[in-house]
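Notes follow the structure.
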Amino acid sequence: MNVQLGGRTALVTGSTGGIGVGIARALVRAGATVVVSGRHEQRGADVVAELTAEGGQATFVRADLADGEAAVRALADQARDAVGGRLDVLVNNAAMLIDPEATPDVPAPLITSALHVNVTAPFLLTGILAPQMAERGWGAVVNIGSINGLVGMSHSALYSATKAALHSLTKSWAAEFAATGVRVNTVAPGPTATSHNLAREQLLAPIIARIPSGQMSTIDDVGAAVAFLASDAATNIHGATLTIDGGFAIV
């Protein structure tokens, strides 16, 4: 399938590393101008340099979504300005990764922080940008969920709850915005070969052993799924969850 995003603009949160890099890369290769965003200036510069070296159009806007509502709103404004005043695609990828921990041992401040970064920030960004897309009659929001939001995972209650919330928001936003020309969908990765996961591959070994395909996904696998859902190739797909997990969630 030839996915085309020429002339479109996109904001990818949390795209200075991991899955976010694969998403930004896929969108740029499809022709989109991409705003790379994250907390680290140098990592952002490195990602932009990689994307532009391939002939793509990308820029960096620093944002730490843990800093509260003002930071989220500033990101929306700065990202929109960086690409000429219009954002066509929003990818809610940034998330606080949480190491496995028994529910009684999860500190209350961590619950608050995780809910803000993983749920509140996407909620605010979508609330700001989706209506602007609706005014133009075209837009795509892709939420990056997780198989943790689909299946029960021991010692992952907090992270799983935040991803399940994002899956639910996808359905609600699809129902809210579909008639305006704005499509909202979810990509739910399973175990993915990011540097973070590869560094703890032994810890993930029991999960990886359950993958029917026998292998973790790559960040480019996830990126390709996002680019598809952001493009006109997915023109009548609303509220869907596309799992990129080697079949993990079905067994």
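Atoms considered below: every heavy atom in the structure, side chains included; atoms not considered: hydrogens, waters and symmetry mates. We count residues from 1, following the sequence as given.
The main-chain N or O of Leu5 is never found under 3.5 Å from a side-chain atom of Ser231 such that the two would form a donor-acceptor pair. Using modelled atom types, one side-chain atom of Thr9 and one backbone atom of Arg86 make a donor-acceptor pair closer than 3.5 Å.
A heavy-atom distance below 4.5 Å is found between the side chains of Leu11 and Leu129. Met133 is not listed as a side-chain neighbour of Asp88, based on a closest heavy-atom distance of 4.5 Å or more. Put simply, the side chain of Arg73 reaches to within 4.5 Å of the side chain of Ile128, judged on heavy atoms. Between Ile244 and Val187 the shortest side-chain heavy-atom distance falls below 4.5 Å. The closest side-chain heavy-atom distance from Trp138 to Val89 is below 4.5 Å.
Taken to the nearest 0.5 Å, the CD1 atom of Ile23 stands 8.0 Å off from the OG1 atom of Thr13. Atom CD1 of residue Ile111 and atom CD1 of residue Ile98 lie 9.0 Å apart, to the nearest 0.5 angstrom. The structure places CD of Glu176 at 14.0 Å from NE2 of His238, a figure rounded to the nearest 0.5 Å. Atoms CG and CG, from Leu124 and Leu75 in turn, are 11.0 Å apart once rounded to the nearest 0.5 Å.
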Audit row: Met96, Leu110, side chain to side chain contact (heavy atoms under 4.5 Å, CB included) steps and yes/no: CA-CA 10 Å; Met96 178 178 289; Leu110 181 59; 3.8 Å; yes
Derivation of the side chain to side chain contact (heavy atoms under 4.5 Å, CB included) call for Val36 and Val12: CA-CA 6 Å; Val36 173; Val12 184; over 6 Å; no
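Of the residues Thr170, Leu169, Ile144, Val141, the one that meets the side-chain contact (heavy atoms from CB on, under 4.5 Å) test with Asn92 is Val141.
Here Asp77 pairs with Arg80 in a salt bridge; the nearest charged N to carboxylate O distance falls below 4.0 Å.
With 3.5 Å as the limit, one finds a donor-acceptor pair spanning the side chains of Asp221 and Thr218.
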